[in-house]
Amino acid sequence: MPRALITGITGQDGQYLAEFLHGRGYDVFGVVPGQANPRADALQEEMPFVEVLGADLQDLSSLIAAVEYSQPDEVYNLGAISFVPLSFRQPELTANVTGLGVLRMLEAIRVVGGRDNPIRFYQASSSEMFGKVRESPQNESTPFYPRSPYGVAKVFGHQITVNYREAYGLYAVSGILFNHESPRRGLEFVTRKITNSVARIKVEIQEELVLGNLEARRDWGYAEDYVRAMWMMLQQAEPDDYVIATGESHSVEEFVERAFTAAGIDDWRRFVRVDPRFLRPSDVDTLIGDPSKARRVLGWEPTVSFDDLVRLMVERDLGAERERLRSLAR
Ligand code: NAP
Ligand code: F7E
């Protein structure tokens with residue numbers, strides 16, 4: 001059985017990746033930080049096949065112990081402070097976890113793996129590295145111009161991964177993933193905030209949806225498609241970096257409009273208010289990825305369209321809200 005170690009296993013991507021790898025016969029080990037992490041309990045209940053290891057991206061010795069114990073064929077580094085507004089409020093923490101955490105994971109692999117290191121490493125790089133974009137669409141050679149402490153930390157993680165590949169011959173790749181969403185997306189991110197609020201407005205337990213920058217444009221895909229791409233990258237003969245995106249860009253406003261429409265509400269403007277509290281000190285205005293290398297080399301294709309993504313997230317949130325109300329009434 002192949003063995004995989006995942007950091008960030010309690011997050012959106014970690015959960016989908018754990019299920020995907022388990023389905024392919026992997027033994028799955030997951031790094032979870034904290035001494036009584038409530039997300040670890042939820043994970044164990046939903047995915048008893050995962051072996052949870054207590055470790056933290058801020059603590060090299062705990063990562064070395066996790067690699068020694070799990071003896072992985074593949075390591076997926078998905079752990080991060082991933083919410084951009086938090087990175088403005090806690091930039092040092094973000095640099096430590098999202099940036100230096102990558103270096104620590106690479107060091108753990110280098111030290112434990114020894115000379116003829118067979119461990120394959122995946123780094124979760126991000127389209128946020130393109131920030132104030134230098135060209136459109138963005139591909140693997142587009143220069144980086146990050147616009148947040150999160151984006152800056154991801155550039156460090158990306159470049160240190162390239163450096164360990166070149167300096168030590170590690171099999172290390174970075175997937176430059178554009179935004180990807182799902183019903184498992186955290187409620188703090190704009191797509192899930194919208195679909196969850198639309199569902200609550202529909203069942204009349206919430207009155208309004210308060211947002212920030214409605215004009216920002218993103219290339220939004222579906223998370224399950226994107227974790228499949230991570231695995232595909234590690235199955236190639238040679239390690240390389242890939243952009244994963246749909247090649248389509250939509251505004252936050254378009255997402256809002258489609259979400260209300262999916263819930264059968266036409267006059268969305270009645271329910272939406274803009275509050276400067278949700279604006280960022282500097283934002284990424286527009287992103288659109290060029291996934292042609294992933295198409296050509298990996299044979300990867302996204303399977304869920306923008307409309308279907310919005311619809312599936314609204315339907316899932318609406319179903320959950322209705323079920324919650326039913327159980328309260330029982
Ligand atoms: P997510 O849902 O926010 O999950 C982040 C994970 O990181 C959580 O499991 C969290 O654990 C863990 N984590 C936080 N601090 C940690 C620490 N000190 N040590 C170990 N683990 C720690 O993120 P996601 O959306 O699944 O994204 C996965 C990765 O891809 C992240 O690196 C993100 O930056 C990157 N990325 C995401 C997207 C996207 O659109 N989703 C696009 C490009 C790149 P707890 O919550 O249990 O503490
Ligand atoms: O914001 C605007 C906001 O927080 C998208 C992370 O997974 O993807 C994610 O980062 C846009 C921004 O995602 C609200 O200003 C408007 O322009 O959903 P988001 P993000 O910042 O793009 C990348 C690829 C990652 O790597 C990150 O880890 O939406 N926006 N109003 C809002 N955003 C939020 N969160 N909340 C609002 O009320």
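All of these numbers come straight from a predicted model, not from anything done at the bench.
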Salt-bridged, [X] to [Y], with N to O below 4.0 Å?
X	Y	value
Glu253	Arg269	yes
Arg324	Glu321	yes
Arg184	Glu46	yes

Answer with yes or no whether the side chains of [Y] and [X] bring together a donor and an acceptor at under 3.5 Å.
X	Y	answer
Asp56	Ser62	no
Tyr171	Glu238	no
Ser182	Gln12	yes
Thr161	Gln159	no
Gln123	Tyr76	no
Asn196	Arg185	no
His180	Asp13	yes
Thr246	Asp219	yes
Gln206	Ser197	yes

### Query
Do you know which two heavy atoms are closest between Ser82 and Tyr150, and how far apart they sit?
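Closest approach of Ser82 to Tyr150: CA-CE1, 3.6 Å.
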### Query
With no hydrogens and no angle check, is any side-chain donor or acceptor of Lys154 less than 3.5 Å from a backbone partner on Ala124?
yes
### Lys293 side chain vs Asp241 backbone, donor-acceptor pair below 3.5 Å
yes
### Query
Say you draw a straight line from CD of Glu208 to CD1 of Ile201; how long is it, rounded to the nearest 0.5 Å?
8.0 Å
#### Entry: Point-to-point distance, once rounded to the nearest 0.5 Å, from CG of Asp290 to CD of Gln138
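So the CG of Asp290 and the CD of Gln138 are separated by 9.0 Å.
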### Query
Are Phe130 and Tyr145 near enough that their ring centres are under 6.0 Å apart?
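No, ring centres 6.0 Å or more apart.
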### Query
Excluding sequence neighbours, so at least two apart, what forms side-chain contact (heavy atoms from CB on, under 4.5 Å) with Arg228?
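Arg228: side-chain contact (heavy atoms from CB on, under 4.5 Å) contacts with Phe20, Asp225, Met232, Trp300, Thr303.
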### Task
Considering only Ile, Leu, Val, Met, Phe, Trp and Tyr, and joining two whenever side-chain heavy atoms are under 4.5 Å apart, list the other residues clustered with Phe278.
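Besides Phe278, the hydrophobic cluster comprises Val210, listed by chain and residue number.
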#### Entry: 4.5 Å side-chain heavy-atom contact, Ile265 and Lys202
yes
### Message
Quick check: do Glu128 and Val284 have side-chain heavy atoms less than 4.5 Å from each other?
### Response
yes
### Task
Would you indicate whether Gln235, at its atom CD, is surrounded by more than 12 heavy atoms from other residues, nucleotides or ligands within a distance under 6.0 Å?
yes
